[in-house]
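Okay, structure first, notes after.
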Amino acid sequence: MATEQKKEEKSDPIIQRTLVILKPDAVQRAIAGRILQRFEDVGFKIVGMKMVWVDEAFGKKHYFDVEERHGPKVLQGLLKNISEGPVIAMVLEGVAAVEQVRKMVGSTEPKSAAPGTIRADFSQHSYALADAKQVGVKNVVHASASLKDAAYEINLWFRPDELHTYKTVHEVHVF
Ligand code: IDP
Ligand code: MG
């Protein structure tokens with residue numbers, strides 16, 4: 001299954017939902033609030049949020065295609081990282097949310113992510129260090145890479161009754 005980041009297509013819904021995970025490194029470093037603030041500042045609506053400590057079996061479901069894309073070593077490191085402490089999982093809703101949130105998050109390796117992105121501004125980790133330590137690269141957050149991934153991941157992490165419909169003040173200006 002192709003899960004590379006895709007540019008918005010004309011047929012895509014304008015208002016979208018995407019899954020963001022503040023990974024264990026973000027929670028342990030106590031930067032969750034500052035990261036959340038960035039998403040709130042842009043006007044994304046939090047429609048679901050919870051703190052969970054997942055195990056490797058759940059991690060395998062979330063990262064079902066990582067072995068195929070990056071090989072078994074990366075998957076092992078990643079499963080170790082994602083299950084080493086609690087995470088904060090959230091569903092964000094807004095205009096082209098999948099693409100916009102990925103833009104804010106930045107590219108996968110913090111060392112080479114663009115300044116101003118969350119991964120660059122909150123981490124200095126590199127593939128070289130991750131490989132040397134046999135961990136996944138510690139890049140603070142996960143964000144769904146495509147609408148298809150978002151649908152799969154939201155369904156995996158949240159029950160329908162954990163997702164909420166309400167109005168934010170941003171909607172007065174945006175919609
Ligand atoms: P993404 O998180 O930017 O979508 P993916 O390719 O989906 O990146 O990879 C999932 C996660 O696997 C990344 O967030 C990162 O933590 C880890 N990862 C990806 N490639 C490597 C690698 O080459 N070395 C170590 N960890 C990696
Ligand atoms: Mg990904």
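Ligands are counted one by one from 1 in listed order, and the atoms in each one are counted from 1 as well. We're numbering straight along the sequence, starting at 1.
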Report yes or no: does a heavy atom of [X] sit under 4.0 Å from some atom of ligand 1?
| X | answer |
| --- | --- |
| His62 | no |
| Lys23 | yes |
| His70 | yes |
| Gly136 | yes |

Check whether more than 12 heavy atoms from other residues, nucleotides or ligands sit under 6.0 Å from atom CZ of Arg29, and answer yes or no.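 Atom CZ in Arg29 is packed in, count exceeds 12.
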Just wondering, are more than 12 heavy atoms of other shown residues or ligands nearer than 6.0 Å to NZ in Lys50?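 Correct, the count exceeds 12.
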Non-hydrogen atoms of Thr108 and Asn139 that approach each other most closely: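 Shortest heavy-atom separation between Thr108 and Asn139 comes out as O-ND2, 3.0 Å.
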Could you state whether [X] and [Y] fall into the same hydrophobic cluster, counting links through intermediate Ile, Leu, Val, Met, Phe, Trp or Tyr residues with side-chain heavy atoms under 4.5 angstrom apart?
| X | Y | answer |
| --- | --- | --- |
| Val135 | Ile21 | no |
| Met51 | Phe158 | no |
| Val141 | Val101 | yes |

Can you tell which of [options] gets a heavy atom nearest to [atom]?
| atom | options | value |
| --- | --- | --- |
| atom 4 (O) of ligand 1 | Gln134, His142, Arg102, Glu109 | Arg102 |
| atom 26 (N) of ligand 1 | Val140, Asp131, Val137 | Val137 |
| atom 3 (O) of ligand 1 | Asp149, Thr108, Leu129 | Thr108 |

I need the contact type for Lys138 against ligand 1. Using non-hydrogen atoms and a strict under-4.0 Å cut-off, is it side chain, backbone, both or neither?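 The answer is neither.
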Please say whether Asn139 places an N or O atom under 3.5 Å from an N or O atom belonging to ligand 1.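 Asn139 vs ligand 1: N/O contact under 3.5 Å present.
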Centroid-centroid under 6.0 Å between Trp157 and Phe58 rings: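 Yes - the distance between ring centres of Trp157 and Phe58 falls below the 6.0 Å cut-off.
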Numbered atoms and elements of ligand 1 in range of Arg69, under 4.0 angstrom, heavy atoms: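 In order of number, 5 (P), 6 (O), 7 (O).
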